[in-house]
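Below, chains carry the letters A, B, ... as their sequence lines are ordered, and counting in each starts from 1.
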2 protein chains.
Amino acid sequence: MTDNSVDGDAVDELEVWCAGEDWCPVTTTASLIGRKWHPVIVHRLLEHGPSGFNELKTNVDGISSKVLSDSLENLEEKGLVDRDIVSEKPFRVQYSLTEHGESLEPVIVSMRDWGLEHLTEPSE
Amino acid sequence: MTDNSVDGDAVDELEVWCAGEDWCPVTTTASLIGRKWHPVIVHRLLEHGPSGFNELKTNVDGISSKVLSDSLENLEEKGLVDRDIVSEKPFRVQYSLTEHGESLEPVIVSMRDWGLEHLTEPSE
DNA sequence: CTGTATCCACAACGATACTG
DNA sequence: CAGTATCGTTGTGGATACAG
């Protein structure tokens with residue numbers, strides 16, 4: 001390895017960085033968002049910005065309260081999502097992405113693009 | 001599709017394509033590779049090319065026979081991976097990516113890059 | 001080498017209902 | 001609005017052993 005410059009042209013080839021080491025960025029990334037709903041939730045937050053619980057629930061489409069709740073808790077633990085109480089009287093909460101979470105945008109975008117190009121028919 | 005509205009400048013904003021419809025490319029993509037090991041396996045196949053079972057098992061690092069077997073079967077069902085018997089006498093098999101599977105490269109690369117940039121310390 | 005056979009544990013998911 | 005409580009099902013992961 002010349003010098004493992006992480007970005008830019010290093011992308012043209014998928015090489016080393018995992019050789020010999022016992023961790024791998026793909027593995028680690030997958031452990032954070034490699035779940036059925038996590039990428040979708042992050043995506044909705046990217047798309048719609050900070051959202052309330054039910055707003056998110058509606059946007060995510062098909063997720064149950066419990067699963068959304070679990071997922072958000074998990075994303076919080078991982079430092080990808082922030083939960084802020086914006087109002088006590090009418091109890092309102094806002095979920096938003098942390099910087100860490102926002103940085104996932106390229107990943108989510110690539111997933112979206114792939115889905116758009118290769119899965120135009122979900123019935124497959 | 002070089003015309004892809006999906007890439008390039010379209011990325012600056014994450015908008016529509018999911019509005020009103022009951023499917024979403026992110027959801028669908030996540031349902032295919034939104035698992036702990038799937039992206040890693042696909043990555044290894046991208047990196048090392050067609051691989052045998054144990055070769056893959058070694059490369060994936062830490063995965064058990066059962067889980068790898070299960071995952072490969074799942075990836076096959078999804079049309080992302082092909083399994084070819086290359087030799088009967090000394091029984092040898094080769095797993096390789098289908099075109100569909102190879103097309104996931106940008107997604108895997110983005111996951112790798114994100115991991116490299118944001119998770120230099122897996123201990124976090 | 002290429003897996004399968006078990007068994008087990010636990011996480012994820014899902015539906016429904018219900019509370020503050 | 002923002003969740004929790006339950007319960008049940010399925011999926012995922014991991015260890016060990018064994019078979020073609």
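Where DNA chain D meets chain B (any atom under 4.0 Å from a heavy atom), the bounding nucleotides read 5' to 3' are D/dT12 to D/dA15.
B/S69 places no side-chain N or O within 3.5 Å of a backbone atom of B/S65 that could act as its donor or acceptor partner. Of the possible polar contacts, one joining the A/K78 side chain to the A/S31 backbone as a donor-acceptor pair under 3.5 Å is found. Without hydrogens or angle criteria, A/S51 side chain to A/L56 main chain gives no donor-acceptor distance under 3.5 Å. Here the side chain of B/N59 pairs a donor or acceptor atom with the backbone of B/E55 at under 3.5 angstrom.
Between A/L97 and the choices A/I41, A/L75, A/L104, A/V42, the side chain to side chain contact (heavy atoms under 4.5 Å, CB included) rule is met once, by A/V42. Considering B/I85, B/V86, B/D82 in turn, B/V86 is the only one that fulfils the side chain to side chain contact (heavy atoms under 4.5 Å, CB included) rule with B/Q94.
Between the C1' atom of C/dT2 and the NZ atom of B/K89 lies a distance of 17 Å, rounded to the nearest Å. The separation between B/L72 atom CG and C/dC1 atom C1' is 15 Å, rounded to whole Å. When rounded to the nearest whole Å, the span between CD of B/E73 and P of C/dG3 equals 11 Å. The distance between atom CD of B/E88 and atom C1' of C/dT2, rounded to the nearest whole Å, is 12 Å.
Ring pair B/H43/B/W37: centre-to-centre distance not below 6.0 Å.
When each of A/F91 and A/S65 is assigned the nucleotide of DNA chain C bearing its nearest heavy atom, the one mapping closer to the 5' terminus is A/S65.
Enclosure of atom CD in A/E77 by more than 12 non-hydrogen atoms of other residues, nucleotides or ligands within 6.0 angstrom is indicated.
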What N/O pairs connect the protein and nucleotides 7-14 of chain C at under 3.5 Å? Give each pair on its own line.
residue: C/dC13; atom: OP1; partner: A/K36; partner atom: N; Å: 3.2
residue: C/dC13; atom: N4; partner: A/K66; partner atom: NZ; Å: 3.3
residue: C/dG14; atom: OP1; partner: A/K36; partner atom: NZ; Å: 2.7
residue: C/dG14; atom: OP2; partner: A/W37; partner atom: NE1; Å: 3.0

